[in-house]
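Working notes, beginning with the structure itself.
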Amino acid sequence: MSTGNNFCGINFQPAIFNASGAWCASETELRDLGKSSAGAILIKSTTLEPRSGNDKPRFFTNEFGSLNSMGLPNLGPQKYKEILPTLRQYKKPIIASIAGMSPDHFVPISQHYLDAGVDALEVNLSCPNLVGKPQIAFDFEKSRNILQDVKNIAGKTPVGVKLPPYPDPIFNIQMAHIIRELKIDFVTVINSVPHCAFIDSEKEEFVIKNKFGGLGGKYVKPVALGQVRRFYELLEGKVPIIGCGGIETGKDIVEHFLAGASTVQVGTQLMKEGPQVFARLEKEFSEELEKKNCTAKDLVGRAKPREKQLGEMLDY
Ligand code: SIN
């Protein structure tokens, strides 16, 4: 049963790849993704100038997930533009994540990647780790202007947007209006859950230098599924959704697809397990599809509301 999917003219085989930020900043990491079973290579969110990111320690994991305050460490668009042609040997779609430190940076960064012939742009409006800089995706006018500017130069190259988990559906509705109006090609949800903290009670200290960071992994799967479904419904299944958040097993991928995802990204589990995670996930996803006797595509948005069962004891 096919674990792949095709949308925006791009074939994801399998429909599983890395989240921007996870194992995709250095040339070696990008090559690792190329050699792996990932269905695409997504390059680390890129700022106009290279950045070393926030002070370390800035990444923490435990059995339930991860906390990061990376602060967009990346090599900058010139360097990625040099690397990109060498990644073509892996014959996978290559997507660039764009993260301007100021609204007028999004176009020049995107232009570098368009010149390099990237297959799609994912505009990151949701980095939670830039101290003193709010997540752009909560400022709808600014978001609209940035997306419009990138769309204007992108031509036929698909432009998607990576969003934070919105705490109230009114925000999803506002963003869905923009996505529809500008004909944004795909939506990636979710970025990590912002301003979370872990404390080591013995040492009496925060586990990362910046205290606050974005939460990922198992902790956030229900949040991610909620956001995938919200956008799937608001966009009437017409704009592909990339589900991201809490994927550890093939069953988690099935849940994302059932909620409305057309492909998924893996972040925390990739960092924990390394790029061999993709071969395992593809196998597990394939086994789940065999059991259901359907393809990945068949599953998209198929989850229905639960009906009350006959004889159900609790009647809340
Ligand atoms: C980071 O580099 O801080 C993570 C990027 C993101 O969450 O958008």
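First listed ligand is number 1; within each ligand, the first listed atom is number 1.
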**Item:** P128 to ligand 1, any heavy atom closer than 4.0 Å
**Value:** yes

**Item:** Per-residue contact class, R58 against ligand 1 - non-hydrogen pairs under 4.0 Å
**Value:** neither

**Asked** Should the heavy atoms of other residues, nucleotides or ligands under 6.0 Å from CD of E287 be counted, would the total exceed 12?
**Response** yes

**Request:** Classify the contact between N129 and ligand 1 as side chain, backbone, both or neither, using a heavy-atom distance cut-off of under 4.0 Å.
**Result:** side chain

**Message:** With no hydrogens and no angle check, just 3.5 Å: does a side-chain donor-acceptor pair link Y113 and T46?
**Reply:** yes

**Request:** State whether the side chain of N62 and the backbone N or O of G65 hold a donor-acceptor pair below 3.5 Å, judged by distance alone.
**Result:** yes

**Message:** Taking the six-membered ring for Trp, are F17 and F278 closer than 6.0 Å centroid to centroid?
**Reply:** no

**Message:** Within the 4.0 Å heavy-atom shell around N124, which atoms of ligand 1 are there?
**Reply:** 6 (C), 8 (O)

**Prompt:** What class does the angle between the rings of F171 and F140 fall in, given that below 30° is parallel, 30 to 60° is tilted and above 60° is perpendicular?
**Reply:** parallel

**Prompt:** Hey, looking at atom 2 (O) of ligand 1, which of N210, N191, L72 has the closest heavy atom?
**Reply:** L72

**Message:** Can you confirm, on distance only, whether ligand 1 has an N/O atom lying under 3.5 Å from any N/O atom belonging to K44?
**Reply:** yes

**Prompt:** How does L130 reach ligand 1, by side chain, by backbone, by both or by neither, if only non-hydrogen atoms under 4.0 Å count?
**Reply:** neither

**Prompt:** Does ligand 1 have any atom that is closer than 4.0 Å to a heavy atom of G71?
**Reply:** yes

**Request:** List every atom of ligand 1 that sits less than 4.0 Å from any heavy atom of P73, numbering the atoms from 1 in the order shown and giving each element.
**Result:** 2 (O)

**Item:** Per-residue contact class, N54 against ligand 1 - non-hydrogen pairs under 4.0 Å
**Value:** neither

**Asked** If you draw a 6.0 Å radius around CD in E307, do more than 12 non-hydrogen atoms from other residues or ligands fall strictly inside?
**Response** no

**Prompt:** So, F198 versus F64, ring centres under 6.0 angstrom or not?
**Reply:** no

